[in-house]
Amino acid sequence: MDEHDLFEHQTACGFYLRHNDGALALHMSTSPEHLQLMRAEVFKAVTGLGIGEETADAARLVASELVGNVVRLCGPWAPVVVQVARKGARVQVKVHDPVPDTWPVRSASAPNDAEAEAGRGLWILDVLAPGWVVEESPVGKQISCTLPALAAA
């Protein structure tokens, strides 16, 4: 078994990762350790698709913001699913959480408010993935973000 095969499927307590044709599906409980692993895996999945690091950084930030919102909503160890896939000339990032009736709401603070300590996440989504969508899903809700796929240099 080579190193590539080892990363096709990774399982640990509260962390189940699956790569399939470059796409990533990650079922995890939110914890600091899992968030760190999720960020690394999202970056690795996007660059593994031949997509540039700029897009991989944006996908990692989008996933991190969305999962961070789940932690604020549900608390630590909340179950989430993170999916990353190439869709033509774009990268799609989806995050599923277990709370169907609480949808994201923008902070009253302006995105450039230097005094604000939080509340910039949805503004970040607007810049990196304009047109992001929230939908109910069988397990709660799903937020889908689509980013342009800039090719690797």
Side-chain angles (χ1 to χ4, degrees), residues 1-100 102-104 111 118-153:
M1 179 181 292
D2 66 14
E3 181 178 335
H4 178 71
D5 292 334
L6 290 174
F7 292 106
E8 291 298 304
H9 171 81
Q10 180 180 343
T11 303
C13 183
F15 192 89
Y16 174 79
L17 172 66
R18 175 118 170 107
H19 288 274
N20 187 9
D21 292 329
L24 170 142
L26 171 60
H27 299 248
M28 63 180 239
S29 297
T30 56
S31 71
E33 297 83 12
H34 292 166
L35 289 171
Q36 184 177 4
L37 285 169
M38 179 272 301
R39 290 180 188 112
E41 291 296 336
V42 167
F43 185 87
K44 189 180 342 179
V46 173
T47 57
L49 292 167
I51 298 169
E53 290 186 2
E54 183 178 340
T55 302
D57 279 333
R60 175 172 45 194
L61 179 56
V62 164
S64 186
E65 287 294 331
L66 293 175
V67 172
N69 286 346
V70 175
V71 173
R72 284 183 284 287
L73 178 63
C74 302
W77 300 106
V80 298
V81 177
V82 177
Q83 295 176 284
V84 177
R86 185 173 198 148
K87 298 293 180 186
R90 302 193 174 279
V91 172
Q92 189 169 58
V93 176
K94 296 180 182 180
V95 174
H96 306 258
D97 74 56
V99 184
T102 303
W103 290 35
R120 292 185 181 91
L122 298 181
W123 296 109
I124 290 170
L125 292 184
D126 288 340
V127 170
L128 296 176
W132 53 274
V133 178
V134 183
E135 301 173 302
E136 283 192 48
S137 74
V139 297
K141 71 176 167 292
Q142 167 187 286
I143 301 176
S144 299
C145 299
T146 305
L147 301 93
L150 303 174

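Given the structure is predicted, the values throughout are model-derived calculations rather than measurements.
With sequence neighbours left out, the side-chain contact (heavy atoms from CB on, under 4.5 Å) criterion links Leu128 to Ala58, Leu61, Val62, Ile124, Leu147. The side-chain contact (heavy atoms from CB on, under 4.5 Å) check on Pro98 picks up Cys74, Pro79, with sequence neighbours excluded. Applying the salt bridge (charged side-chain N to carboxylate O under 4.0 Å, His left out) criterion to Arg86, with sequence neighbours excluded, gives no partner residue. Checked against side chain to side chain donor-acceptor pair (under 3.5 Å), Gln83 has the following partners two or more places apart in sequence or in another chain: His96. Not counting sequence neighbours, the partners of Ala63 by the side-chain contact (heavy atoms from CB on, under 4.5 Å) test are Met38, Val42, Val82, Val93. Looking at residues two or more places apart in sequence or on another chain, you find a salt bridge (charged side-chain N to carboxylate O under 4.0 Å, His left out) between Lys141 and Asp97. With sequence neighbours excluded, the residues forming a side chain to side chain donor-acceptor pair (under 3.5 Å) with Ser144 are Gln142, listed by chain and number.
The CD atom of Glu41 sits 6.5 Å away from the CG atom of Leu24 when rounded to the nearest 0.5 Å. Taking OG1 of Thr102 as the start and CG of Leu73 as the end, the distance is 5.0 Å to the nearest 0.5 Å. Expressed to the nearest 0.5 Å, how far NZ of Lys87 lies from OG1 of Thr146 amounts to 9.5 Å.
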Using the rule given for side-chain contact (heavy atoms from CB on, under 4.5 Å), can you reason through Glu65 versus Trp123, listing the C-alpha separation, both sets of side-chain angles and the distance that settles it, and then say yes or no?
CA-CA 10 Å; Glu65 287 294 331; Trp123 296 109; over 6 Å; no
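Pairing each heavy atom of Asp21 with each of Leu49, the nearest pair is O-CD2, 4.3 Å. The heavy-atom pair separating Ile51 from Ala149 by the smallest distance is CD1-CB, 3.9 Å. The minimum heavy-atom distance between Pro100 and Gly140, with the atom names listed, is CB-O, 3.4 Å.
For residues 37-66, no residue pair satisfies the ring-ring contact (aromatic ring centres under 6.0 Å, His included) rule, not counting sequence neighbours.
Contact of the Arg90 side chain with the Pro148 side chain is registered, since non-hydrogen atoms from C-beta on lie closer than 4.5 Å.
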Which pairs would a plain distance check flag for residues 25-37, meaning a side-chain donor or acceptor within less than 3.5 Å of a matching protein atom at least two apart in sequence or in another chain?
| unit_1 | atom_1 | unit_2 | atom_2 | d |
| --- | --- | --- | --- | --- |
| Thr30 | OG1 | Trp77 | N | 3.1 |
| Thr30 | OG1 | Ala78 | N | 3.0 |
| Ser31 | OG | Glu33 | OE1 | 3.4 |
| Ser31 | OG | His34 | N | 3.1 |
| Ser31 | OG | His34 | ND1 | 3.4 |
| His34 | ND1 | Gly14 | O | 3.4 |
| His34 | ND1 | Ser29 | O | 2.6 |
| His34 | NE2 | Cys13 | O | 3.4 |

